[in-house]
Amino acid sequence: MSNITIISNEKNWMEHTAVTQLQGVADLPGAMQTVGLPDLHPGKSPVGMAVVTQGVIYPHIIGGDIGCGMGLYDTGLDGRKFKLERWVTKLNNIRELVDLPTVNPYNEPSPIYDLGTIGGGNHFAEFQVVDTSYDHTACHAIGLKDSQLLLLVHSGSRGYGQSILKRYQDCRGITGTEPIKSYLEEHDQAILWAERNREIVVVKLLDYLGYTPQAKKLIDCQHNFMEQKGDLYIHRKGAVSAERGPVVIPGSRGALTYIVQPAGNTAMSAFSLSHGAGRKWARSLCKSRIREKYDRDTIRQTKLKSRVVCHDTDLLFQEAPEAYKSIDSVIDILLQYELITVVATLRPVLTYKG
DNA sequence: ATGTCC
């Protein structure tokens, strides 16, 4: 049994099921260090965690959406000239990004079925602006500026990653140099295409909205992936690396997104950080709990005066801000454990969901 | 999470 660290405090609600699931991961043969981050919540395998194994890998911990992550882009447009109503109308006219023409700029054919789409669930594309800058030097280094319009895309490899997992999940734990190498090669392809897909979403969206895309990638960080370090393997499920520069930690669509810089204490968190606010309510419970609070239109607006374009009203209830923990408490805990410093906060202006 | 059941 490996040692377990749960990074939390008294104010942070954590579901018992998630802790039990984390214990189950820690009990797997070869598990050396198991970490629950503040956004830990139950899943098929627990989400918001990292586990370091020796000599063995567990693809089911990473799950099917290999390479899922956050791509933050500078659109090259001025946030002050942003015409909210016009863009809401235009985006309402398309069913999904699959309706828009897709150009694959790469030599290889795409293994992702609907290249340039974001998928469902908690995936989104969100226009944002800088709300508050806390570290001007770091903002400058990243390329974050006041008044610029940003686009944050949350998506992954989806069906493609799932098809990879399907071929490896029967083995509850893969050992041996060649079998591990085989999974990692396919895994790396899923990582590559998930990142390419996020960029193509950005290009398609800006093109459709009438702008010659000159988008520039500022940060791209994945939160479902495996990292090899010699004979050690860091599995991250709903957790980002703390060793690859600044990180995007989004809140719910009704909350700020944080840009953070990893700090010096991350050995205790298996060099990992939270990937978001973390789900608080099961999807199946959301609609009955907040049905009375909203109508068709008000569920498409947020406290921060931002707007949401999505044709699936049930999904909007499942992904409502109430269904998520407070991002501020997640950030407070990461600060308390000296895992991060805060660089800036971003404010959503328009969220697009599939 | 899921061309939302191979």
Side-chain angles (χ1 to χ4, degrees), chain A residues 15 17-18 21 25 39-50 58-71 94-102 104 109-126 152-170 183 186-187 189-198 200-201 204 221-226 235-240 250 252-253 274-287 310-320 323-324 351-354:
Chain A
E15 244 181 286
T17 316
Q21 288 185 339
V25 170
D39 53 338
L40 181 74
H41 62 275
K44 215 169 191 174
S45 187
V47 184
M49 58 80 68
Y58 294 96
H60 75 277
I61 292 176
I62 307 301
D65 200 12
I66 302 163
C68 188
M70 299 284 166
I94 49 169
R95 217 168 8 93
E96 228 280 47
L97 295 184
V98 70
D99 294 343
L100 302 178
T102 303
N104 174 8
S110 170
I112 293 181
Y113 174 72
D114 273 328
L115 186 67
T117 63
I118 53 179
N122 58 4
H123 292 169
F124 61 79
E126 186 168 271
L152 178 66
V153 177
H154 176 201
S155 188
S157 63
R158 300 146 57 207
Y160 172 49
Q162 188 68 55
S163 72
I164 295 171
L165 175 64
K166 215 165 72 184
R167 280 182 279 107
Y168 290 90
Q169 69 182 352
D170 285 345
Y183 170 77
E186 294 205 61
H187 160 280
Q189 281 295 109
I191 297 270
L192 176 71
W193 279 96
E195 181 167 350
R196 287 179 173 182
N197 185 62
R198 289 189 281 273
I200 293 168
V201 165
K204 275 171 77 168
C221 50
Q222 54 270 63
H223 51 236
N224 295 345
F225 72 110
M226 184 96 69
H235 302 59
R236 294 189 180 89
K237 173 64 166 183
V240 297
S252 69
R253 66 176 185 246
S274 294
H275 79 316
R279 179 164 280 284
K280 187 169 66 181
W281 295 352
R283 291 181 178 279
S284 54
L285 298 173
C286 297
K287 194 157 192 187
C310 176
H311 294 286
D312 183 347
T313 305
D314 281 346
L315 181 59
L316 282 175
F317 278 98
Q318 291 170 21
E319 293 294 322
Y324 284 86
T351 309
Y352 181 77
K353 290 184 67 68

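All heavy atoms count here, side chains included; hydrogens, waters and symmetry mates do not. Since this is a predicted model, take the numbers as computed values, not measurements.
As a whole-Å value, the separation of A:Gln318 CD from B:dT2 P is 12 Å. Here B:dT2 presents its P atom at 16 Å from OH of A:Tyr160, a figure rounded to the nearest Å. The NZ-P distance, from A:Lys166 to B:dT2, rounds to 15 Å in whole Å. Counting to the nearest Å, the C1' atom of B:dT4 and the NZ atom of A:Lys353 are 14 Å from each other. Atom CG in A:Asp65 sits about 6 Å away from atom P in B:dT2, given to the nearest Å. In this structure, A:His60 places its NE2 atom 18 Å from C1' of B:dT2, rounding to the nearest Å. Put simply, CD1 on A:Ile118 is 15 Å from C1' on B:dT4, counting in whole angstrom units. Protein atom CZ of A:Arg167 is 15 Å distant from nucleotide atom P of B:dC6, rounded to whole Å.
At the heavy-atom level, A:Gly120 lies under 4.0 Å from the strands shown only through sugar-phosphate atoms. Residue contacts shown for A:Gly119 are limited to sugar-phosphate atoms, with no base heavy atom under 4.0 Å away. Nucleic acid contact class of A:Gly121 (heavy atoms, under 4.0 Å, all strands): sugar-phosphate only.
When all heavy atoms of A:Gly67 and A:Ala194 are compared, the pair lying nearest together is O-CB, 3.4 Å. Taking both residues in full, the closest heavy atoms of A:Leu97 and A:Gly116 are given as CB-O, 3.5 Å, listed atom of the first, atom of the second, then distance.
If you check the side chains of A:Thr117 and A:Arg158, you find a donor sitting under 3.5 Å from an acceptor.
Using a cut-off of 4.0 Å between Lys/Arg side-chain N and Asp/Glu carboxylate O, A:Arg283 and A:Glu319 are scored as salt-bridged.
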